[in-house]
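In what follows, every chain begins at residue 1, and chains take the letters A, B, ... in the order their sequences are listed. All values below come from the heavy atoms of this structure, side chains included, with hydrogens, waters and symmetry mates left out.
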Number of protein chains: 2
Amino acid sequence: MGASSAKHDVFQAIADPTRRSLLKLLSNQELPVTVISEHYPISRTAVSKHLRVLADAGLVKERKVGRETRYKLEPEPLFELKDWLQYFELFWENKLTALRLFVEADSDIENQKKK
Amino acid sequence: MGASSAKHDVFQAIADPTRRSLLKLLSNQELPVTVISEHYPISRTAVSKHLRVLADAGLVKERKVGRETRYKLEPEPLFELKDWLQYFELFWENKLTALRLFVEADSDIENQKKK
DNA sequence: TTAATGTGAAACCAAATGGTTTCGTATTTG
DNA sequence: CAAATACGAAACCATTTGGTTTCACATTAA
């Protein structure tokens, strides 16, 4: 099996703004649930559920330390997102190229009008 | 107002696999709804609704031609996604660096064991 | 040992989501 | 003009989602 045996999709995991925020919060530190939930207006349980979705997508890793569960970012699954995006970069570059060509063609038309 | 006056979020728009597929389909061609929906096992109406979500997020542009409505990719909003991703690239690079350092440290330990 | 703390599971709920079928309306085409 | 085509709006439905409160269970502290 490949790298993406995740129960939850990366795309779906990052669809929620709270979860995106969680990823940033946990990007440079490992934190227990209670501390994490202090950053949000929702209940600790709700935060816990978001963390589960992220964990299912492989975006976050949990580690039990005593009675705490500490979470931290696991950025690898974001590669899938990057790959997906890469396909489209081709098109937005084309778009910019097309725009440039259009502007040039437009100038030509302007020149012709001036004849 | 900035560039993202979209009713629908880009992140949410690409969360659905059918919509991601639509974006690829429309990346190199402008197509009317009926033709598009032939590529999917769901109803034309369902496809139409997905297209609306994509249009709300600015990811697709519609153009009426006679009785047809033709859709094509509008890749610009994907920049937001790219920006968001960029933040995390820092961390996965760190991760790789950390891994490299760990491997080196491990070698050192191996060497020590050999003493 | 008893009390306090950190957490997830469960049951529940309202709203959003992804789908359907039916209908009305423009626009071609015969 | 009449029939066919292309489409979106509406009403409806089942499931998922994001949230809550309550409860049970470990683990640590008194």
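A:Gln12 has no side-chain polar atom (N or O) that falls below the 4.0 Å cut-off from OP1 or OP2 of D:dT16. Listed pair B:Ser48 / D:dC7 fails the phosphate criterion, with no side-chain N or O lying under 4.0 Å from OP1 or OP2. Taking 4.0 angstrom as the limit, B:Thr45 places none of its side-chain polar atoms (N or O) nearer than this to OP1 or OP2 of C:dT21. Contact between the side-chain N/O atoms of A:His50 and the OP1/OP2 oxygens of D:dG19 is found at a separation under 4.0 Å.
Distance B:Leu22 CG to C:dG19 P: 10 Å, rounded to the nearest Å. Put simply, CD1 on A:Ile36 is 19 Å from P on C:dT5, counting in whole angstrom units. If you take OH of A:Tyr40 and P of D:dG18, they are 14 Å apart, rounded to a whole angstrom. Atoms CD1 (B:Ile42) and C1' (C:dG18) sit 8 Å apart, rounded to a whole Å. Residue A:Asp56 contributes atom CG, which lies 15 Å from atom P of D:dT16 at whole-angstrom precision. With rounding to whole Å, B:Leu51 atom CG is found 16 Å from D:dA6 atom P. When the P atom of C:dG18 is taken as reference, atom CG of B:Leu54 falls 11 Å away, rounded to whole Å. Distance B:Lys64 NZ to D:dT5 C1': 12 Å, rounded to the nearest Å.
For the pair A:Glu30 (side chain) and A:Leu26 (backbone), a donor-acceptor distance under 3.5 Å is absent. In this structure, the side chain of B:Tyr40 engages the main chain of B:Leu22 through a donor-acceptor pair within 3.5 Å.
Contact annotation for A:Tyr71: backbone-only contact, meaning every heavy-atom pair under 4.0 Å involves sugar-phosphate atoms and none involves a base. Residue contacts shown for A:Arg70 are absent, as no nucleic acid heavy atom lies under 4.0 Å away. Here B:Thr69 lies in heavy-atom contact (under 4.0 Å) with sugar-phosphate atoms only.
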Next item on the list: Take A:Gln12 and A:Arg19 through the test side chain to side chain contact (heavy atoms under 4.5 Å, CB included) and record every step on the way to the result.
Entry: CA-CA 10 Å; A:Gln12 192 234 323; A:Arg19 285 196 292 267; 4.2 Å; yes
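Using a cut-off of 4.0 Å between Lys/Arg side-chain N and Asp/Glu carboxylate O, A:Lys82 and A:Glu89 are scored as not salt-bridged.
In the interface, the side chain of B:Arg19 is not paired with the base of C:dG18 through any donor and acceptor atom under 3.5 Å apart. In this model, a side-chain donor or acceptor of A:Lys49 finds a partner on the base of D:dG19 within 3.5 Å. A donor-acceptor contact under 3.5 Å links the side chain of A:Arg67 to the base of C:dT5.
A residue-by-residue look at A:Glu68 and A:Arg52 shows that A:Glu68 has its nearest nucleotide of DNA chain C further toward the 5' end. Position along DNA chain D of the nearest nucleotide to A:Val65 versus A:Val53 favours A:Val53 as the more 5'-ward residue. Each of B:Arg44 and B:Val47 has a nearest nucleotide on DNA chain C; the 5'-most of these lies closest to B:Val47.
Judged by the 6.0 Å distance and 45° axis criteria, B:Arg63 is not positioned over the aromatic ring of B:Tyr71.
B:Val33 and B:Leu73 end up in the same hydrophobic cluster when Ile, Leu, Val, Met, Phe, Trp and Tyr side chains are linked at under 4.5 Å.
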